[in-house]
Amino acid sequence: MIKYAQVVVNTPLGPLTTKSPEAITFEPPHDDDTAIESAHGDLTLREPQFNGAPNEIVEEGAFPESPYERAFTYSIPERLAAQIALGQLVWVPFGKRELQGIVVSFSAASPVAETKDLDSIVDPRPFLTQVHLDLAQWIAHTYLCTYHEAIRLMLPPGIEQVPEIFIALAPAIARDKLTEKQTALVELLARAGETKLRVLPRDQRAVVDALVKRGLVVKRTEIAPPKAKPKRVKTVRLVAEEPIANLKPAMQAKARAVAALLRAQHNFVWVGVIYAAVECDLAFLRKLETAGIIALEEEEQWRDSLAERTFEIGEPPTLTSEQAAAWQTITTQLGTAAHPAPRAAFLLHGVTGSGKTEIYMRALAHVIAQGKQGIVLVPEIALTPQTIRRFGARFQRMAVIHSRLGIGERFDAWRRCRDGLVDVVIGSRSALFAPLPKLGLIVLDEEHDPSYKQSDTPHYHARDTALELARQVGAAAILGSATPDVETYYRATRGELTLLTLPQRVMGHTQVIQNSEFQIPNSKTHYLDLPPVEIVDLRAELKAGNRSMFSRALQRALARGLAAHEQAILFLNRRGTATFILCRDCGLIFKCKRCNNPMTYHGAGAQLVCHHCNRRDRVPTQCPNCQSARIRYFGTGTEKVETEIQTLFPQARTLRWDLDVTRGQDSHEAILEKFVHRQADILIGTQMIAKGLDLPFVTLVGIISADTALNLPDFRAGERTFQLLTQVAGRAGRSILGGKVIVQTYNPEHYAIQAASTHDYAAFYAREIAFRREQQYPPYSHLIRLLYFAPSEKNAQLETTRLHRLLNERLAQRGLPALDLIGPAPAFFSRVRGEYRYQIILRGADPRALIADLALPLGWRVDVDPVSVL
Ligand code: ADP
Ligand code: ZN
Ligand code: ZN
């Protein structure tokens with residue numbers, strides 16, 4: 001007999017609380033002011049108080065299970081017994097207030113003696129199915145976030161309601177003996193009147209409670225309506241025409257006109273159609289309704305981000321022999337409608353332009369034919385109109401989900417998915433949680449892309465989560481990339497994923513080229529060679545007296561392309577710009593004497609800092625290797641590249657595409673369209689240009705410097721460089737016009753640059769996996785990054801040192817096998833938005849074992865399997 005429901009409540013109390021664990025594991029707190037306030041200003045809770053007393057850590061063994069997966073138990077009152085269901089959004093009492101929560105399980109007995117009644121059901125239709133509840137639990141468990149944070153990923157945006165707290169001055173009470181801060185708050189409230197608590201600055205929020213206790217300030221709670229609601233439109237239906245005769249004579253003519261219009265439109269139109277044709281208003285139509293002539297009704301309307309777009313429906317091309325072979329392997333494992341395979345996971349390793357997208361679309365069509373649906377994930381910046389158009393041309397019932405959509409559009413896309421009106425969802429990371437009723441396939445394009453890892457809490461990885469979801473529902477998964485993540489490839493070599501390869505580039509765009517001014521003979525080949533890559537040694541350029549940022553080879557190639565009316569892309573890596581220094585004569589990078597990590601330059605104090613061990617050195621004036629004094633900070637901006645191009649080639653039409661530009665009036669789409677329509681010759685861009693552009697007239701790609709990413713203090717620096725160079729190089733030579741890539745570097749011998757220039761993934765993988773094994777980095781270990789934010793550097797240092805000591809003690813007590821604690825040290829990006837970032841990295845076979853049952857103090861962030869340690 002089910003009598004109790006477990007509810008995950010919308011409060012970020014989570015594992016961060018320092019209250020006694022029993023009190024909050026099963027039973028909601030009685031006094032929850034802190035809980036409510038933290039629901040608004042997440043930061044208050046996460047911000048540690050440095051008032052002398054160290055933050056207490058909830059000691060091990062206190063939690064029956066991980067503190068992260070906590071739900072509260074409520075009794076189900078008689079009146080709700082019949083309607084209550086799993087996954088419903090409900091209101092529950094929580095301390096003195098009401099909060100929303102999601103029903104995650106039922107039980108016959110309660111783990112606590114006293115339970116409160118569940119209050120009411122917000123929406124009888126569950127928002128989550130068992131599948132998503134299980135997935136949320138897996139996420140909380142794997143990534144050490146709270147169950148609620150995980151559930152939140154799956155709720156349609158904007159449906160949750162959180163109480164808003166207002167504060168105001170109590171009327172006429174003595175205001176003496178106030179502290180400075182209290183006086184400031186009282187004065188602010190006297191000026192501003194009633195104010196939302198969460199808009200107050202942090203230090204003022206901290207003094208509110210004391211003033212409330214003294215009766216000087218009063219609090220009031222209000223529940224804001226949900227932000228997303230179904231959109232409804234008014235419609236008009238014709239009921240009967242005879243009653244028109246009973247109307248006042250003055251109204252009859254117009255009433256007849258309305259009736260005639262309705263008759264011509266199958267007796268039913270949207271109210272706007274009537275307003276457009278007949279001069280009348282809603283009051284008039286209401287009178288007609290009272291007279292029994294028409295009925296005014298409401299109908300739900302879907303908001304659809306694709307509504308304005310029409311797609312030309314395209315026929316799938318005949319597969320090339322390589323594609324056909326890969327497809328053959330996939331179909332045998334996917335099974336048939338009658339005998340669907342239980343599960344199949346693939347890694348599709350295909351060079352840029354090898355026709356991977358075509359395989360994805362085949363597989364989607366296949367599962368749709370079986371009555372199921374598919375999800376296609378692409379990195380946010382690859383979700384270009386070009387990509388959407390390609391899928392839209394093949395699939396009619398498609399929805400796009402990404403973070404830039406309006407809340408209403410996302411809500412409706414979510415509901416269309418739930419109602420089975422969508423076959424294919426395409427989108428960025430969060431689209432993985434689209435509530436499709438019969439998920440048959442998940443595709444992750446560019447599976448190596450670090451943006452699949454959420455950089456905020458919860459730090460889930462969409463790739464691993466996708467594989468878990470596919471496993472749970474028996475769906476297939478295809479991970480595709482030209483440069484698979486070393487860890488994914490490793491899994492394929494061990495048979496966890498079926499490896500499919502497309503080693504050759506397909507000849508695309510034949511039609512476009514034939515319709516252009518280029519005279520190209522008809523070609524019979526189906527494949528294109530990958531563009532040749534020329535490595536230019538920038539040290540030699542300097543020796544030869546060339547001080548420009550363009551090598552002589554790149555200048556020649558640009559001149560040739562301009563003369564031939566072809567297009568070029570110049571790529572500039574902005575990440576980590578001007579943060580490391582090198583010798584311009586011998587290429588020496590300044591490294592930490594203790595860790596051999598590239599040291600980074602910090603302008604304040606002109607110091608070099610090691611982000612592993614915190615060693616600090618003075619910036620040298622002379623190269624220890626060759627005694628040269630030509631030492632400089634590395635980095636250039638796109639603007640500077642553009643200016644130099646205009647000096648060298650005044651006739652060239654240039655376009656800049658980076659974050660600075662796209663913040664201005666020209667959108668991504670507008671810039672891209674200009675380039676696609678050949679209204680510019682040279683596109684200068686940052687990371688954005690690396691993804692998915694398939695442009696037939698681009699015959700030259702120039703990489704201004706391959707070194708920036710190479711020298712970042714992250715063990716994945718080599719891998720990221722290889723990936724980026726390969727992806728950027730992949731933008732050239734997309735048609736029979738051919739193409740060429742020029743890579744400028746101070747490190748021409750580096751294996752990542754060498755392998756990228758010969759398009760040799762195998763060579764790169766062999767070197768990289770050996771390095772990982774030797775250094776015991778993933779996939780030979782797991783990492784957990786503990787990152788601490790604080791407004792002052794001293795506090796950051798103190799707290800990280802304290803936790804480090806505590807973890808070491810724990811480690812000794814438990815005798816866990818081979819677990820390294822790296823740090824504490826400042827993170828590479830040591831200040832973000834005015835806050836200092838310090839970190840400790842756990843490395844070992846199972847670092848979770850050390851902290852899974854530990855509620856970390858406020859201010860800490862836990863990142864399991866981080867994709868960056870910068
Ligand atoms: P990838 O996703 O591997 O980068 P795409 O699927 O974008 O590769 O294919 C590259 C180009 O080749 C596209 O212009 C695409 O239309 C074309 N293409 C792919 N497969 C075929 C095929 N079987 N026949 C003709 N053209 C193809
Ligand atoms: Zn030197
Ligand atoms: Zn060091």
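All residue numbers refer to positions in the sequence shown, counting from 1. Indexing begins at 1, ligand by ligand and atom by atom, following the structure's order.
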- Message: Taking the six-membered ring for Trp, are Tyr780 and Tyr490 closer than 6.0 Å centroid to centroid?
- Response: yes
- Item | Ligand-side contact atoms (ligand 1) for residue partner Thr318, heavy atom cut-off under 4.0 Å | 22 (C), 23 (N), 24 (N)
- Query: N/O of Gly355 under 3.5 Å from N/O of ligand 1, yes or no?
  - Reply: yes
- Note on the structure: In terms of heavy-atom contacts, Gln454 and His459 come closest through O-ND1, 3.1 Å
- Message: In this structure, does ligand 1 have an atom that sits under 4.0 Å from one of the heavy atoms of Arg390?
- Response: yes
- Item | Those atoms of ligand 1 less than 4.0 Å from some heavy atom in Gly353 | 1 (P), 3 (O), 4 (O), 8 (O), 10 (C)
- Is it the side chain, the backbone, both or neither of Asp445 that has a heavy atom closer than 4.0 Å to ligand 1? neither
- Task: May I ask you to identify, for Ser354, whether its side chain, its backbone, both or neither come under 4.0 Å of ligand 1 on a heavy-atom basis?
- Result: both
- side chain to side chain donor-acceptor pair (under 3.5 Å) partners of Tyr143, counting only residues at least two apart: none
- Message: Angle between ring planes, Phe722 versus Tyr761, binned at 30° and 60°: parallel, tilted or perpendicular?
- Response: tilted
- Query: In terms of ring plane angle, is the pair Tyr751 and Phe764 parallel, tilted or perpendicular, where the classes change at 30° and 60°?
  - Reply: parallel
- Item | Arg772/Glu719 ion pair, N-O < 4.0 Å | yes
- Could you check which of Val351, Leu348, Thr357 puts a non-hydrogen atom nearest to atom 2 (O) of ligand 1? Thr357
- Task: Could you list which atoms of ligand 1 come closer than 4.0 Å to a heavy atom of Thr320?
- Result: 23 (N)
- Query: Looking only at heavy atoms, is any part of Gln323 under 4.0 Å from ligand 1, and if so is it the side chain, the backbone, or both, or is it neither?
  - Reply: side chain
- With the threshold set at 4.0 Å, does a side-chain nitrogen-carboxylate oxygen contact exist between Arg491 and Asp464? yes
- Item | Region of Arg362 that comes within reach of ligand 1 [heavy atoms, distance under 4.0 Å] | neither
- Considering only heavy atoms, does Leu319 approach ligand 1 within less than 4.0 Å through its side chain, its backbone, both, or neither? backbone
- For the ring pair Phe550 and Phe649, is the centre-to-centre distance below 6.0 Å? no
